[in-house]
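Data first, discussion second: the structure below is written as structure tokens.
Ligands are counted one by one from 1 in listed order, and the atoms in each one are counted from 1 as well. Because the structure is predicted, anything quoted here is derived from the model rather than measured. Values reported hereafter were calculated over all heavy atoms of this structure, with side chains retained and with hydrogens, waters and symmetry mates removed. The first residue in the sequence is number 1, and the count goes up from there.
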Amino acid sequence: METLLEKHWHHLEGSEAARFLDADPARGLDEFEVERRFQRFGENLISGKKGRTALSRFMLQFHQPLVYILIVAGVVTAILGEWIDSGVIFGVVLVNAVVGHIQESKAVRALDALASSLSAEALVLRAGKAVRVPAAQVVPGDVVLLRTGDKVPADLRLLSDRELRVDESMLTGESLPVDKDAAPLPRDTVLAERRNMAYAGTLVSSGQGAGVVVATGNRTEIGRISELIDAADELETPLTRKISRFSHVLLASILILAAASFVLGVLRDEPASEMFMAAVALAVGAIPEGLPAAVTIILAMGVSRMAGRKAIIRRLPAVETLGGTTVICSDKTGTLTENQMTVQEIFAGGASYAVSGLGYAPEGAVEPVKGGGAPDAALVECLRAGALCNDSRIRLRDGRHQVEGDPTEGALLVSAGKYGLDAGREQEEYARVDVLPFESRWRYMATLHTLPGGKVGRVACLKGAVERVLDCCKSAMLPSGEVGGLDVAAVIEAQHAMAAKGLRVLAFASKELPEDARLERSESCMGMVFLGLQGMIDPPREEARTAIAACLRAGIKVKMITGDHARTAEAIGMRLGLRGGDCLAGEDCPVMTGREIAELSDAELTRQVPGIPVFARVSPEQKLRLVMALQRNGEICAMTGDGVNDAPALKQADIGVAMGITGTEVAKEAADMVLTDDNFATITAAVEEGRGVFANLLKFIAWTLPTNAGEGLVILAAVLFGVALPILPVQILWINMTTAGCLGLMLAFEPMEPGIMDRPPRRPERPMLDRIILRRIGIVSLLLLVSAFGLFKWELAFGASMEAARTVAVNVFVMVEAFYLLNARSFTRSPFALGLATNKWVLGGFWTMAALQLFYTYAPVMHRLFSSAPLGPWQWLRIVGCGLGVYFLVELDKKLSASDI
Ligand code: ATP
């Protein structure tokens, strides 16, 4: 079977291709056969994607300026015959690489796991039934059904097509979608022109189709060229990039400083080897090399926390951006509302009807309210059109009636049933011969049916947005069943009355056509007979209301962008509490429609967009203009979307948000974040987590930089004053490696501070380290300098050995860092106000560090490796005193600077 690919599938008839593959185009494969082929051909996955191998990632750990410096230092110390120092330095380089590699692999694995939890699905025919399966389980011979927005799961020979257009840009580079056609092609047709094939990884941009799988996994066209696809691990974010740029600048200045201090020392007749060690110590101590990696790890942890709240992050930088979101643009149906449609009102034959009952259960009745009464032919035809122009089904599952397919259409089956029309029987009697599927940009769906009882001719049914359907109608069905004049004003009045109650209104029309008729999407839909309107409720989600209120409190604007009618959108928007955010009390809240957007220039749209909370009848293309207008106003914009045409807006938005349940593969691919529950409240939760992660990053940075600055200052002071180094390079390495892992990273587990959603979003132009943070870093660095350098001199003055004095200095650094960690848990609150036990990791890290320092101070092996020496109780008391002193001074600074925050 494998070799058949070379046998030019495109040259065969579709049915012939299916026969070669032992597949039944109408039934697909059965489960047993699927299993057999799965065993034989394996998973439909592309293996050997070019990513970084574990080894190359490990080797990259050595590709850092700090490591270069260490290697030079290691070599020079070896040349000087300092074997132990040299050994320790190389040991540290290795341990550093191993730890870095393990942490990075963990982050990559966590992200990979999330990415695969979003694995694509495919709709396939198995034993006559259309079922959704993970794309990885598709086998050769499977019959795949394609819908707008699907990603083609494997290479297919098309069996049928309906307005099928596929975006093959990733395969052929051609940016326009290609029209597909199942007819056979000449043998020598080149790949890009094989219109009867659909290739794995390409995207269905519109229409429908079916095809039989001819190749899976690495045997697909894309599988063969997969080495060309760069699967770079996206671990870099704007912040990590900023930090590594910062550390490079710092590196250059520190090297100059180190060189200067070396020259200065040598001029002063200090031994060159000692001065070399001082220069190395300065470089090693002052460069925050571990910072980018720590930031990545903290962000990756944020990603898994967000996943726990049903928001899957597809790109790491999104975690960072989320915290700064200033406006969220959301779809209405399904995100802000339940997407549980129930028809409540009908307008047909000039009369109004009320429909009782809720949900998809068949209980309820259609009762006349104004005029009307049985028999009303217009009502029956309106309900019938709803049942025929329909792709959904109602199923009884777990004792509940549930809809399969579009809930809007499900509601129409139920309303027909409540009037005694059995949708299943109607669909049998009026067999469908053609369809124009619903698409957001068209806002209608049409079907063509045979007439019942062997009558000659066809009937076309049309359903869609009211203005669309009215455009096609000049006449209307009367209650008697005859065709009469259409009272457009009455229809619009009825529509407005329904929309004002927040109902989603659909209009219906039909037309008898000759036997050979086909449906075409063209403007010439004239001559349809208007049948009526059905208005359905889609209740707002309760949690969306709460989440919107939370957003408004957090200074985040919320805008509803919907394809629905302006009045319906406004009514729902009001119920969700959207008014409060953008409109002054008592002011009328404007709704802008797609038509109005089309008339505005970009500049005018930019001016008006901030004041408008609801955008209605917006086409997906206009979402892109809205995002750009918001961004021109300096907003950080999150935008939701589910359809193919939403992809450009999702890409343009700072945070593109796709729907996990109803979203198309195209939208998911374009998005930065996918909601597994399609719920607006999840976006708010993700923003909250984003703010928490960003706050923890700042805390980590504010905690870690004083160590580097303090170490640098101590060395500089020693060189300037011409005294022995209080800490040696290997000791600096010890401090940096142990404190970052045992202490600093524990800040990643810091729970969100209360009130995190009561503050306005961080302004994008605000520098990462603002005045308060810089001041705090400055204070702690100076305190470190004074206490470490001071105590070192004190010990020497009172007769301690050089080893003991240095051990005291090292312990001062670690002790101050440990106490300062408690401070760093919040910029404003004391650790007691936060609750000491609210971050047990910090306490755990604190005690682990204490144990490590005892080991460092008392273990003979450490004496040999790091030249440490045992200390007495008074020395410890002074060290702890330094830690406590810094703690209290920082708490005092919190009190003094509280008003600046
Ligand atoms: P949102 O963009 O908030 O999800 P929406 O779901 O109302 O809003 P669309 O699905 O694009 O937006 O629908 C736009 C309009 O098209 C609807 O207001 C309705 O009039 C019409 N419509 C929706 N679904 C169908 C359907 N299945 N068949 C025919 N017309 C439909």
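Legend: residues meeting ring pair (Phe, Tyr, Trp, His ring centres under 6.0 Å) with H565, ordered by chain and number and at least two apart, are H496. With sequence neighbours left out, E542 forms a salt bridge (charged side-chain N to carboxylate O under 4.0 Å, His left out) with no residue at all.
Here the rule is side chain to side chain donor-acceptor pair (under 3.5 Å) with K332, and of D564, N339, T640, T337 only D564 fits it.
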Let me have the donor-acceptor pairs involving side chains of residues 342-349, under 3.5 Å, with sequence neighbours excluded, atom names and distances please.
{"from": "T342", "atom 1": "OG1", "to": "G359", "atom 2": "N", "distance (Å)": "3.1"}
{"from": "E345", "atom 1": "OE1", "to": "K501", "atom 2": "NZ", "distance (Å)": "3.4"}
{"from": "E345", "atom 1": "OE2", "to": "K501", "atom 2": "NZ", "distance (Å)": "2.5"}

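R425 CZ: 12 or fewer foreign heavy atoms inside a 6.0 Å radius.
Among protein residues, D331, K332, T333, D406, E409, F438, S440, R443, M445, K463, G464, A465, R504, V505, L506, I561, T562, G563, D564, R617 come within 4.0 Å of ligand 1, judged on heavy atoms.
Side-chain atoms of Q608 and E596 include no donor-acceptor pair closer than 3.5 Å.
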